[in-house]
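See structure below.
To find a chain, count down the sequence lines: A is the first, B the second, and so on, and within it residues start at 1.
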2 protein chains.
Amino acid sequence: MTVTLADVAARARVSPATVSRVLNGNYPVAAATRERVLRAVDDLDYVLNGPASSLAAATSDLVGILVNDIADPFFGIMAGAAQTEIGGQEGTGRAGGEKLAVVCNTGGSPERELTYLTLLQRQRAAAVILTGGALEDPGHIVAMTTKLAKLADAGTRVVLCGRPPLPGSDAIVASLAFDNRGGGRRLTEHLLTLGHRKIGYVAGPLERTTTRHRLEGHLAALAAAGLGDPASGEGRSTGSGEGRAGQEGLVVHGPYSRRSGYEATLELLRRAPDLTAVVAANDTVALGACAAVRDQGLRIPEDVSVAGFDDLPFSVDATPALTTVRLPLYEAGARAGRLAMGTETPPPGGIATITAELMARASTAPPRATR
Amino acid sequence: MTVTLADVAARARVSPATVSRVLNGNYPVAAATRERVLRAVDDLDYVLNGPASSLAAATSDLVGILVNDIADPFFGIMAGAAQTEIGGQEGTGRAGGEKLAVVCNTGGSPERELTYLTLLQRQRAAAVILTGGALEDPGHIVAMTTKLAKLADAGTRVVLCGRPPLPGSDAIVASLAFDNRGGGRRLTEHLLTLGHRKIGYVAGPLERTTTRHRLEGHLAALAAAGLGDPASGEGRSTGSGEGRAGQEGLVVHGPYSRRSGYEATLELLRRAPDLTAVVAANDTVALGACAAVRDQGLRIPEDVSVAGFDDLPFSVDATPALTTVRLPLYEAGARAGRLAMGTETPPPGGIATITAELMARASTAPPRATR
DNA sequence: ATTGCCGTAGCAAGCGCTTTCTATTGGGTA
DNA sequence: TACCCAATAGAAAGCGCTTGCTACGGCAAT
């Protein structure tokens with residue numbers, strides 16, 4: 001029923017070994033023979049049996065790209081770039097380096113993350129790229145470190161993209177981390193420079209590196225300006241008491257969703273009706289924040305400035321255009337793809353920090369009356 | 001180095017066959033024995049060798065989900081839903097039905113679509129889900145039909161989601177098609193009812209089923225209202241001559257991108273400065289259209305109404321909230337996932353049409369002066 | 001007691017490919 | 001002319017797992 005290597009060999013009047021070598025192109029085969037084999041392959045419409053091939057060669061051409069939320073362009077852009085870089089090199093003509101880059105959606109669930117890693121391990125994946133922020137739960141970190149070490153042991157190349165390096169994991173090929181802290185700091189500094197003193201912050205979900213780093217940057221900027229109490233920021237979103245400059249309780253956590261941005265902003269506005277700016281965990285959340293501000297009858301940026309993070313494509317189209325922090329998602333994804341393929345040399349120490357650039361646009365302006 | 005089934009068998013003091021049966025759970029094994037095996041698996045940290053298993057069993061647990069653009073939430077939502085449905089059933093406890101659902105990004109390129117299908121075929125994928133509009137190029141249709149038939153032949157379940165059925169392809173498990181034509185018609189009818197008579201249309205790329213169907217719906221509505229010349233719509237976007245009611249040349253094609261929407265709208269506005277509404281191929285394009293309308297100093301919806309298609313999450317957040325056509329992307333994706341798994345019975349004839357619902361919001365209103 | 005089965009476990013034959021090692025050939029060189 | 005080597009092709013041994021078939025106890029029925 002199905003055509004096998006042996007069938008092709010028979011038709012081309014050569015041995016199976018020769019067919020295999022023609023297909024893999026890693027052994028000299030006379031031009032005439034090669035031609036004959038290739039024609040037989042075509043005639044018979046032969047398709048290599050992946051599992052058999054992987055079993056015999058003890059390697060596979062599968063490359064897994066793990067994302068936290070496939071419906072979020074933040075991940076889509078990185079994954080697409082990586083996939084292009086990986087699947088793109090088919091110019092070889094032959095099946096040589098044809099990798100199968102696939103993206104796996106964890107939905108942000110640690111269990112699914114591990115499950116996918118196991119499944120990829122089963123398949124003896126050639127490489128794995130983990131994108132986006134990691135969960136900071138100690139147990140999960142241990143589980144991940146162990147799992148990744150095993151993968152690396154089995155020859156799988158592990159690359160992190162937009163995720164900080166795992167402590168003590170030298171098994172990893174490279175990790176490209178975004179400078180979320182620096183970006184967060186610059187964004188808030190921008191607001192401070194404009195004259196804002198009462199700034200609300202809609203943070204992402206707790207226990208995510210991305211969330212923590214961006215928030216740290218924000219708090220660092222405030223602290224440098226002599227505002228707020230850095231200690232109050234994390235873990236006590238519903239803060240109480242009075243801070244040096246009334247920044248207490250101006251941080252609310254929630255998922256990276258538009259809805260969360262909407263509700264958190266309403267909450268912030270209730271807690272501090274006099275705030276003049278809202279910084280969101282990312283652009284999607286910022287959109288929700290904008291809606292909430294408007295629904296309160298306030299104008300952007302005249303009454304309240306709003307800022308996001310990531311600079312997703314739609315951000316420049318928002319009205320007013322969203323001030324945000326640009327992350328070179330495409331470039332990072334592409335680079336991760338090349339690193340996974342081994343077509344780019346890893347950065348020194350396997351760690352690279354990717355700069356986050358402030359994009360000041362129309363959604364932020366000086367507060368109504370600078371005190 | 002690596003642990004194999006035999007190692008586990010030795011440790012559990014049973015034969016490899018028994019271990020295999022415990023792991024696959026498709027053959028009676030005494031409880032005590034099972035326990036022993038499971039413990040050995042744990043102790044040894046054994047991970048099944050996927051390729052070997054697939055080779056021997058002549059099946060694999062890979063499920064491929066093909067998307068046209070992974071950075072577009074339209075696809076992300078469907079893919080995520082399908083993946084959840086497929087990867088979600090791990091409740092079985094054992095490795096039983098653990099499928100590896102992966103998404104492959106074709107980037108809209110027919111070659112990559114075929115390449116991915118071949119790669120999936122190599123892996124003897126358990127199922128393949130094709131999402132979104134198809135290319136209407138005759139050559140590609142033939143190639144696809146042939147390829148899908150071969151996949152189906154090899155036991156791969158093929159499901160189409162958001163894509164019209166392939167003519168004469170009974171190899172396919174099911175196809176869930178969106179009622180793009182009906183949605184397009186209702187959307188334009190809505191505009192006509194509001195009193196619009198001069199409506200610009202920013203269509204998607206040529207030769208895509210989605211593009212054609214939506215446009216057909218639009219033109220059908222116009223024709224039913226005695227406006228426009230249906231024959232002028234397709235294939236002659238830069239129309240010439242005069243139509244019955246001056247709808248000529250009010251259709252411009254371009255990719256499904258924000259930028260395309262922006263430029264096309266500028267073009268439409270130049271051709272017909274008196275148009276009172278713009279219908280976009282999808283929400284992303286509509287966002288670009290909105291930007292263009294505003295940049296021309298026109299207000300939405302007072303001066304120009306704008307409408308989109310898909311009802312992506314951000315559409316309700318646009319200002320003003322975008323009138324659009326809702327497609328139940330998540331539900332469709334989930335259903336496709338179940339169909340691929342065989343956990344839902346296919347619709348009669350393998351074909352289901354999914355209704356598209358008009359969402360009239362603030363971006364559309366009666367034109368300034370109804371003539 | 002015998003027979004017949006049911007419930008379990010093992011044997012062993014592959015699944016379709018890769019790859020090491022071993023031929024075979026046809027010059028080029030001594 | 002004899003010899004050696006480079007270039008190319010084949011033989012065959014697995015890779016690690018699944019599964020049809022066989023084997024072996026007991027237990028119920030005869």
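- Judged purely by atom type and a 3.5 angstrom limit, B:Arg157 has no side-chain atom pairing as donor or acceptor with the backbone of B:Met341.
- Scanning atom types as modelled, no donor and acceptor separated by under 3.5 angstrom connect the side chain of A:Tyr27 and the base of D:dA7.
- Taking atom CD of residue A:Gln123 and atom P of nucleotide D:dG16, one finds them 15 Å apart after rounding to whole Å.
- Between B:Val8 and B:Val3 the shortest side-chain heavy-atom distance falls below 4.5 Å.
- Comparing C:dG16, D:dA9, D:dG16 by their nearest atom to the side chain of A:Asn49 picks out C:dG16.
- For the pair A:Leu55 CG and D:dT18 P, the computed distance is 11 Å after rounding to whole Å.
- Following rounding to the nearest Å, B:Asp61 (CG) and D:dC17 (C1') show an atom-to-atom distance of 13 Å.
- Regarding A:Arg122, its CZ atom lies at a distance of 13 Å from the C1' atom of D:dC17, rounded to whole Å.
- Side chains of A:Ser15 and A:Thr18: a donor-acceptor N/O pair is present below 3.5 angstrom, by distance only.
- Spacing between atom CZ of B:Arg34 and atom P of C:dG7 amounts to 15 Å, rounded to whole angstrom units.
- A:Glu111 and A:Tyr116 share no side-chain donor-acceptor pair at under 3.5 Å.
- Between the C1' atom of D:dT8 and the CZ atom of A:Arg13 lies a distance of 18 Å, rounded to the nearest Å.
- When distances run from any side-chain atom of A:Ala17 to the nucleotides D:dA11, D:dC17, C:dG16, the shortest one goes to D:dA11.
- Listed nucleotides C:dT19, C:dT18, D:dC17 differ in distance to A:Leu48; the shortest reach to its side chain belongs to C:dT18.
- At a cut-off of 3.5 angstrom, counting only N and O atoms as typed in the model, there is no donor on one side facing an acceptor on the other between the side-chain of A:Arg124 and the base of D:dG16.
- Distances were taken from every side-chain heavy atom of A:Ser20 (C-beta onward) to each of C:dT19, C:dG16, D:dG10; the shortest belongs to C:dT19.
- The nucleotide whose nearest atom lies closest to any side-chain atom of B:Ala52 is, among D:dC17, C:dC17, C:dG16, D:dC17.
- Between C:dC17, D:dG10, D:dT19, one nucleotide has an atom nearer to the side chain of A:Thr4 than all others, and that is C:dC17.
- A:Leu130 pairs with exactly one of A:Asn68, A:Leu160, A:Thr106 by the side-chain contact (heavy atoms from CB on, under 4.5 Å) rule, that one being A:Leu160.
- Rounded to whole Å, the distance from CG on B:Asn24 to P on D:dG16 is 17 Å.
- Using a 4.0 Å cut-off between charged side-chain N and carboxylate O, B:Arg163 and B:Glu113 make a salt bridge.
- Residue B:Ser54 is classed as having no contact, given no heavy-atom separation below 4.0 Å to the nucleic acid.
- As rounded to whole Å, 13 Å separates atom P of C:dT19 from atom CG of A:Leu23.
- The C1' atoms of five pairs define one axis at each end of the helix from C:dA1-D:dT30 to C:dA30-D:dT1, and these two axes lie 40° apart (to 10°).
- Picking from C:dG16, C:dG10, D:dC17 the nucleotide with the shortest atom distance to the side chain of B:Ser15 gives C:dG10.
- For the pair B:Thr33 and C:dA9, the criterion of a side-chain N or O lying under 4.0 Å from OP1 or OP2 is met.
- The heavy-atom pair separating A:Asn105 from B:Gly80 by the smallest distance is ND2-CA, 3.8 Å.
- Between B:Glu136 and B:Arg208 there is no salt bridge, since none of the side-chain N atoms of the basic residue sits less than 4.0 Å from a carboxylate O of the acidic one.
- Applying the 3.5 Å distance criterion, the base of D:dT8 shares no donor-acceptor pair with the side chain of A:Arg36.
- Here the nucleotide nearest the side chain of A:Arg21, chosen from D:dA9, D:dC17, C:dC17, is D:dA9.
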